[in-house]
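Since the structure comes first, as structure tokens, the remarks are kept for the end.
Chain identifiers are assigned alphabetically (A, B, ...) following the order of the sequence lines, protein sequences preceding nucleic acid strands; residue numbering begins at 1 within each chain.
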Amino acid sequence: MEYAFREIEEKWQKRWKEERIYQVSNDSDKPKCYVLDMFPYPSGAGLHVGHPLGYIASDIYARYKRLQGFNVLHPMGFDAFGLPAEQYAIETGQHPAVTTEKNIEAFKKQMDNIGFCFDWSREVRTSDPRYYRWTQWIFLELFHSWYNREASKAEPISTLVNIFETQGNQAHPCPGEASLRFSSGEWLAFGENKRQKILMNYRLCYCGIGEVNWCEALGTVLANDEVVNGVSERGGYPVVKKKLRQWYLRITEYADRLLEGLGTVDFSEAMKEMQSNWIGRSSGADIEFKIKKPGSADALPLTVYTTRPDTVFGVDFMVLAPEHALVSEIKSPGQAAAVEDYVAYVQSRSERERIAEKKISGCFTGAYAIHPFSGKQIPVWISEYVLAGYGTGAIMAVPCGDERDHKFARHFNIPITNIIGDAYNGHEANPSKDVRLQNSDFLNGLPMAEAIEVVIRKLETEGTGLRKVNYKMRDAAFSRQRYWGEPFPIRWEEGIAYPLNEDRLPLELPYVETYKPGPEGEGPLANIPEWTAQHLETNTMPGYAGSSWYFLRYMDPGNDQVFASRKATDYWNQVDMYIGGTEHAVGHLLYSRMWTKVLSDLGYIGFDEPYKKLVNQGMIQGSSRFVYAFNFKLQPEIPVTFDHPVFVSFDVCRKYENDDPGLFKFILSRIGELSGLDPEKDFSTIGVIPLHVDIGLVSGNELDKEAFRRSNPKYAGAVFVSETDQYICGSEVEKMSKSKYNVVNPDDIVSRYGADTFRMYEMFLGPLEQSKPWDTKGIEGVHRFLKKLWRLFFPDGSLVVNDDAPTEGELRILHKTIKKVKEDTEKLSFNTAVSQFMICVNELTALKCHKKKVLEPLLILLTPYAPHVTEELWHLLKGAGSVLNASYPGYAEKYLQEATFTYPVAINGKTRTEMTFSADALQTDMEAEVLADNVVQKWIDGKQVKKMIVVKGRMINVVV
RNA sequence: GCCCGGGUGGCGGAAUUGGUAGACGCGCCAGACUCAAAAUCUGGUUCUCGCAAGAGAGUGGGGGUUCGAUUCCCCCCCCGGGCACCA
């Protein structure tokens, strides 16, 4: 009997489906374990071998936990709303609902092929009205809530109205408009319109006019994390700043809690750092300078933000952002023209230009600021290096301590004050905080770190400044001018947004024929008369809305009373293991963490961090292959015609690297008709162009020349130039993509080698978190392993398994495997676990071990990795029951035999004697000091044992 | 520029966290079976010298701590990722 993986996999997948073996109950006495994958966008391209990497890892972990007796929630769904789905629909001319449905079916089929243990009965789709009903509901919760900074949590907006009615907003300054102050009396006197406008400035999801990232090509605004280097993350289209009415998520109120929460979760350091960089918390002080208005006695206040108030005596100039409101007021008549020119210049520069070429530029305003302590007059400049959107849009410049200020001072010849003595060398700023201040009045002699506190206290008592914390993170744009997203359950009336009643949810997305933008930058929904007649909001929610809470819906997917029952969320609680790529570091992961905190604040769930542990799988890259097209054009007078495409082998190209004349001579010498021509004079064009070639036409690095000729009529007459009769392709590791012809489809691999081989091979490729190129060749080794495993049961074609007692050698290898695989699986170090399986099967084969008592535990151990073949073999062994369904709490221990092993024991490497240990001791305490004390100590005459080392599982070395 | 990772055979990668470096797999070489091929099996495979036994070198480079360093410390080089006028 051969290892017939196709039959086996078909048979078991059918059985698993029929028996709903993976369906999970919310009622169980078992401990729970929630293993989650980041759900995919169902794009039209389908899955390539890179996508399942994380799914396989989570699948192994989920199966492992299930075998250990956990009730495991391991669901899958689809992030079906959002820009890409709509773009794809536009490209193919079909309705997004149709293409999305089709793509989901294709994805599911591909996933089923691999044999995942997803509980499909819990599938969610963000574009399903039964799902987005609750996305809309959560939006309304956000809309109806404000962030109480005193309590550090979200509260219903009604509590805020109560506060306003009794005490105004003195204790709760408006996050949207800091200068807004009113008393309870004033509040009571405000009209409805004014009250609603004020409340809007407190809501966690609010509508406001703001500068947004507008992408003309996509016809929508984008959140900051969707814009990379001034262009859209999707498509790479230009993005410009534009003032628009937008919905926002007031995520800035959660900045501190999002930062603190990182301390309570198990994310990688890199991930935590990316998030805290994005949040960008800094602390310092706002300092108020007075500016003398030119030609008048009035003084205008200018507030700057600095993290280094200690350097306040080193200020040599002030810089405002060119957009700063004060600029037009303070410019002196003499400088007015120059300032206007400069502002115009800055406005003419796009975001991209500004980022690409950072040059020192600026303009003196003619105004002077008064130093709050020394009273010194300080020139006020404007420059584009100061950003309007951060801090107060103005800085105090301290050239001796800040590199940018230093360069600016040098460039414009502004004299530099030195407040750090020798620490400043005169031509380079020194940003150190580890210096004692000089030249700094009441701060002289103080270390900078201490001076910060002294200055802030003095500023606060004198009323010229305040302690201040700033964040780089901005509120997130929450509306899109697109069709394929959740409609906002909002109705507009006289400029006021009114939420729809809950009983109108879901507010379903209407059907449209075209996705043309509506008038004045509105979305396609603005083209629908029935929609606009009701004054419904025409924007839709962004892609991250649905994905911010999907992990909660899996817990209770069919509930139509609430997004998930409290009982279900209390039971499943946090995600124990979340696996996905790093690309969502500052998008999805931050938003879903915030939503979780809000739902927790409002009392709907009992935890405020969604993911207890996060693991980022690496990317599987493609290994591209290249052919080298000889590109030439003969001079018109040459009487030769040659219309075959010519391809030069990589080995030839490499041989003549940096020697083009040599290369061309060689090529010409190999082409009969062209031989004898002179590359120097007979050609008008000559060169070699690398072209991606479909990896399906290449085996290793050798091109299948015939298949290549057949692949494209253009290449039918292709001529190959190489040293041998093989054509060698060049290769490069790149991202896997259609356009690079390097995509490997998991379906092909599965049909050729089977799902178990595919699963094990993806894990064997290398550490989960590392990026690595796909190499189909190496898969043979894993496939061979599974065939060997099969032969362990069927050595001569028929099942040979006996009930004999295992020998010491067999137990030794089994226990080593149990120990290693358990440890590795726990650590998600699947590559080394697979290696151990190979060693185990190799050694058992060598020992000709066909013993049930050894093979059974091996199968259980192997089940999470290769579920199909183990299920088959288990049935052949046992006759009935499913190993997948089995629960073996501490299953490895169950098979721990009462065996003893004898080891040679050496002192400092020299063998002295043999000693016998129980299997149990070896399992857990191989190098334990207990063993050393109890057993070895006596034998080595009381010398102190420094360490015991088991050498290759064959010898124990005692170091004294 | 700043902050994280990382650098080990021809290749992907191991190394019990300071203890025989190179597990396991790919590739390659030799052999067995076969009319032959495939499949399978056995042995070999870090490099240099040597027929061999063996000797020497060896974890990006240089230095240090240690009986002992891929592992710890300092300096430098290279690769991957993230951030980037955030005052």
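Comparing B:C11 with B:U46, their P atoms are spaced 13 Å from each other, to the whole Å. Nucleotides B:C79 and B:C26 place their P atoms 32 Å apart, quoted to the nearest Å. B:G1 and B:G10 are spaced 33 Å apart, taking the P atom of each and rounding to whole Å. Comparing B:A69 with B:U17, their C1' atoms sit 12 Å apart, to the nearest whole Å. Atom name P, nucleotides B:G61 and B:U8: the rounded distance is 10 Å, in whole Å. With both ends at atom P, the span from B:G7 to B:U59 equals 13 Å, rounded to whole Å.
Here A:Val386 lies in heavy-atom contact (under 4.0 Å) with a base. At a threshold of 4.0 angstrom between heavy atoms, the contacts of A:Leu387 include nucleobase atoms, whether or not backbone atoms are also involved. When heavy atoms are screened at a 4.0 angstrom cut-off, A:Asp405 is found touching no nucleic acid atom at all.
Within residues 273-287 of chain A, the residues having any heavy atom closer than 4.0 Å to RNA chain B are, in order of number, A:Glu273, A:Met274, A:Ser282.
The six-membered or imidazole ring of A:Phe758 lies away from that of A:His783, with a centre-to-centre distance of 6.0 Å or more. In this structure, the ring of A:Tyr342 has its center less than 6.0 angstrom from the ring center of A:Tyr345.
Taking the ring pair (Phe, Tyr, Trp, His ring centres under 6.0 Å) definition, one finds that A:Tyr385 meets it with A:Phe408, sequence neighbours left out. Every residue two or more places apart in sequence or in another chain was checked for a side chain to side chain donor-acceptor pair (under 3.5 Å) with A:Ser771, and none qualifies. Taking the side chain to side chain donor-acceptor pair (under 3.5 Å) definition, one finds that A:Gln347 meets it with nothing, sequence neighbours left out.
When all heavy atoms of A:Ala397 and A:Val319 are compared, the pair lying nearest together is CB-CG2, 4.4 Å. Scanning all heavy atoms of the two residues, the minimum distance from A:Arg759 to A:Pro864 falls at NH2-O, 2.9 Å. Summarising the geometry of A:Ile749 relative to A:Ile779, their closest heavy-atom pair is CG2-CD1, 3.4 Å, with the distance given to 0.1 Å. Residue A:Leu259 comes nearest to A:Ile279 through the heavy atom pair CD1-CD1, 3.7 Å, listed as atom of the first residue, atom of the second, then distance.
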Could you pull out the protein-nucleic contacts involving nucleotides 7-12 of chain B (nitrogen or oxygen on both sides, under 3.5 Å)?
| unit_1 | atom_1 | unit_2 | atom_2 | d |
| --- | --- | --- | --- | --- |
| B:G12 | O2' | A:Leu765 | O | 2.8 |

List, with names and distances, any nitrogen or oxygen atoms from the protein found under 3.5 Å away from nitrogen or oxygen atoms belonging to nucleotides 39-42 of chain B.
| unit_1 | atom_1 | unit_2 | atom_2 | d |
| --- | --- | --- | --- | --- |
| B:U40 | O3' | A:Arg791 | NH2 | 3.1 |
| B:C41 | OP1 | A:Arg791 | NH2 | 3.0 |

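Ion pairing between A:Glu453 and A:Arg467 holds under the 4.0 Å rule for side-chain N and carboxylate O.
Of the candidates B:A87, B:C24, B:G13, B:G13 carries the atom nearest the A:Pro767 side chain, counting heavy atoms from C-beta on. Each of B:A87, B:C4, B:C26 was ranked by its minimum atom distance to the side chain of A:Lys777; first place goes to B:C26.
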Inset, instruction - Show the numbers, then the answer: is there a side-chain hydrogen bond (donor to acceptor under 3.5 Å, both in side chains) between A:Trp278 and A:Ser276? - result: CA-CA 5 Å; A:Trp278 183 261; A:Ser276 52; over 6 Å; no
